[in-house]
Number of protein chains: 2
Amino acid sequence: MRAPTLTDVARHAGVSYATADRVVNARGGVAEKSAERVRRAIAELGYVRNVAAANLSQGRTYRFAAIVPKGQDTIFSKMQGLLEREREKLALDRVELLIEQVEAFDPRQLADCLARLDRDGIDAVSLVGTNHPAVIEAMTLLRARGATIVTLVSDMPEEARDAYVGIDNAVAGRTVARLIGMAHGGQPGRVLPIVGAMTARDHAERLAGLREVLTETFPDIRLLHQIEGRDRPELVAARVGAALEAEKGITAIYSLGAGNPGLIEILRERSAPAPRPVVVVHELLEHSRAALEEGLIDVVIDQRPEDEIQRALEIMRRGADRLPPDPVAPLGAAIYVKENLPPEMGAKTGDD
Amino acid sequence: MRAPTLTDVARHAGVSYATADRVVNARGGVAEKSAERVRRAIAELGYVRNVAAANLSQGRTYRFAAIVPKGQDTIFSKMQGLLEREREKLALDRVELLIEQVEAFDPRQLADCLARLDRDGIDAVSLVGTNHPAVIEAMTLLRARGATIVTLVSDMPEEARDAYVGIDNAVAGRTVARLIGMAHGGQPGRVLPIVGAMTARDHAERLAGLREVLTETFPDIRLLHQIEGRDRPELVAARVGAALEAEKGITAIYSLGAGNPGLIEILRERSAPAPRPVVVVHELLEHSRAALEEGLIDVVIDQRPEDEIQRALEIMRRGADRLPPDPVAPLGAAIYVKENLPPEMGAKTGDD
DNA sequence: TTGTACGCGTTATCAT
DNA sequence: ATGATAACGCGTACAA
């Protein structure tokens, strides 16, 4: 059986094609009586709009934008690289992808960028969630025009966005607690947490998760007071170094923010006095991958930016095609040890 | 700038639309001179075939098939459920998905099923890789017709299929070794591996990976001789019970095949004599999830069938649309502990 | 060997 | 408030 077309619907409802179209696309100017008949016909025949035909007739190429904070060797720089690689694939499907850079932690710049994209008539946007009135207002305007907005990595109030793509940070913290607990094999210990800043929602959530499970399940492992590294390597190095001097029995370190090159530097210096503490950090990047391979750290928790981007783009596409968003399971973080590192997808293989 | 159409190409090459079409779709019957001009025009204009328009004109709905082995509370039953859920989503894009059941480990039935699908003119097929001449022959016939074939979970020779979607089993074994090693916290131990059968390629690979890393990195942890459970719960229960009696100092158990309900039963009976061994099993299913929540086991390695299916379908779609396959990173296995279990996506939420 | 013209289902424009 | 119809880009049947 052929899928019913809008022509079928119109015939079934006893109206012209144009009238049926007006109902489907909510263009208005239709007598309630006719509209009702069309709606019934749609239900009875099980009509579904043919996206391919719709896009064809409009001759339209969608325009998506991804707003990425600046910063090198961070989760964001990695995302940017991945996005650039998605471009050509999207081009085949007539989707143009704009990648916009903004200064990290600068809500004004972010809001301005959104406003600019609004003027350009963009169809969908993804951004790293940032709770600030100006940002929320710019997003509201965009969405009023029908654009789809996806928050990435860090979420915002539900009303402000169409979807959130990212990991559950409390779960990440709890998981790390379990792994650290297992690595103690029943022995007591002390865990040193390193945060960027406790004002960052994701950092606070991770730490809370860690604390919960340590308290409930591993009461012999004590949680020390956190170090604030402001996500800056030099600061992290200095403060971790000091902490390791001051506090002697540290059996585990959990770095739940950025600035890990600083931590790794300290660990390399002190690699001699075995057994070194169990070390867990976030995000699989150049430096953390190297440290894992070198045996300086034990576990990396990763957001899997590849999948995040995949999903974000899928949501944007569905929004642009005016399809209902489909409920997907929340994204789980990956757990990497030395043995299950993914192959580096950096440069193309060249030969083969 | 509007994307160039085949009409543009034809004009640019100074030939008719039909001639350009013949070149693009390799229909033959074109003078080499004309063909060359068309190819040049394509390159110069950067023409890309508009898939949406092509599908529209053919009024065609793609037909995909997924062949799934029978078996309850296994990775396959889970996949079947997931596939059924994909059906409606696919229907929106005019793709019909057939789900075919076959007896597990029955190459003849599998080959027959493939032949039947071939007669039906199917566009793409996914199946669990099974190395058998009859299966390979049926696949060859299908592919000769232009159908795309994806092997799932277990691979086959490269020439026989278009793509493999599944985890790297050696990596899985190595990863488990690391986790078990970490859980020993420097202490010595003995690991009991449970396989289905050493003839199963994936089982053998996992065990080999385990052995490698234990030998290299954790020489104090001894690998005991494996138990063969034939993937059957009763057999696993009996043999594991016997092994635990005979061998006293077991500190870890790695079940790398199926039949885990049997293992879990034994563990529940013996939960008293703490500390129990570290237990790692494969596949997140009802029983393994429950055991993890109950604290009877410690780690579950999962293939993430959701993602496997997603990818397999994406590859099939690209094949059907005659797009070049895009190189994707191999799928990584998920590591689950009690704290990072994904929400159960079983029944629909009912309310809200 | 080459060229023409129609239909696919939708959108958008121009009548009535 | 309603209806008719020309695109959109591709595949294909048919004509030359």
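Keep in mind that what you see is a predicted model, and the values were worked out from it rather than measured. Residue numbering restarts at 1 for every chain, and letters A, B, ... go by the order of the sequence lines.
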In plain terms, say whether A/K78 and A/E308 are close enough for a salt bridge, that is, a side-chain N and a carboxylate O under 4.0 Å apart. no

Length of the line joining B/L6:CG and D/dC10:P, which is rounded to integer Å: 6 Å

Holding to side chain to side chain donor-acceptor pair (under 3.5 Å), I want the full list of residues that pass it with A/R116, two or more places apart in sequence or in another chain. A/E100

Are A/R40 and A/E44 close enough for a salt bridge, meaning some N to O gap below 4.0 Å? yes

When we call it a touch if two heavy atoms are under 4.0 Å apart, what does B/G29 touch: a base, just sugar-phosphate, or nothing? base

Going 5' to 3' on DNA chain C, which nucleotide is the first and which the last to come under 4.0 Å of a heavy atom in chain B? C/dT1 to C/dG9

Residues that B/Y47 engages under side chain to side chain donor-acceptor pair (under 3.5 Å), provided they are two or more places apart: none

Close residues, residues 39-50 of chain B, relative to DNA chain C [heavy-atom separation under 4.0 Å]: none

Tell me every residue that passes side chain to side chain donor-acceptor pair (under 3.5 Å) with B/E158, counting only those two or more places apart in sequence or in another chain. none

Contacts to DNA chain C from residues 7-22 of chain A, heavy-atom cutoff under 4.0 Å, which residues? A/Y17, A/D21

State whether B/R311 and B/D307 are salt-bridged, where the test is any N-O pair (Lys NZ or Arg NE/NH1/NH2 against Asp/Glu carboxylate O) under 4.0 Å. no

Taking A/K89 first and then A/E86, would you say they form a salt bridge - that is, a charged N and a carboxylate O separated by under 4.0 Å? yes

Can you run down the salt bridge (charged side-chain N to carboxylate O under 4.0 Å, His left out) pairs that involve residues 4-17 of chain A, sequence neighbours left out, and say none if there aren't any? A/R2-A/D8, A/D8-A/R11

Contacts of B/A35 and A/S57 projected onto DNA chain C by closest heavy atom; the upstream (5') one is B/A35

Over its full length, what angle do the end axes of the helix from C/dT1-D/dA16 to C/dT16-D/dA1 make, each axis taken from five pairs and the result rounded to 10 degrees? 50°

Under 3.5 Å, is there a donor-acceptor pair linking the side chains of B/Q310 and A/Q310? no

A/E137 meets the side-chain contact (heavy atoms from CB on, under 4.5 Å) criterion, sequence neighbours left out, with none

What is the separation between atom CD on A/E36 and atom P on D/dA1, rounded to the nearest whole Å? 17 Å

May I ask you to say what A/R37 touches in the nucleic acid, namely base, sugar-phosphate or nothing, with a heavy-atom cut-off under 4.0 Å? nothing

Check whether any side-chain N or O of B/R27 sits under 4.0 Å from OP1 or OP2 of D/dC10, and answer yes or no. no

Those residues that, when tested against A/E159, pass side chain to side chain donor-acceptor pair (under 3.5 Å) (two or more places apart): none

Considering only residues two or more places apart or on different chains, which pairs with a residue in residues 312-321 of chain A satisfy side chain to side chain donor-acceptor pair (under 3.5 Å)? A/N55-A/D321, A/Y62-A/D321, A/D93-A/R317

What does A/N55 touch in the nucleic acid at a heavy-atom separation under 4.0 angstrom: a base, only the sugar-phosphate, or nothing? nothing

Which part of the nucleic acid, if any, lies within contact of A/L56, taking any heavy atom under 4.0 Å across all strands shown: a base, the sugar-phosphate backbone alone, or nothing? base

Got a sec, which pairs hit side chain to side chain donor-acceptor pair (under 3.5 Å) with one end in residues 123-135 of chain A, sequence neighbours left out? A/R60-A/D123

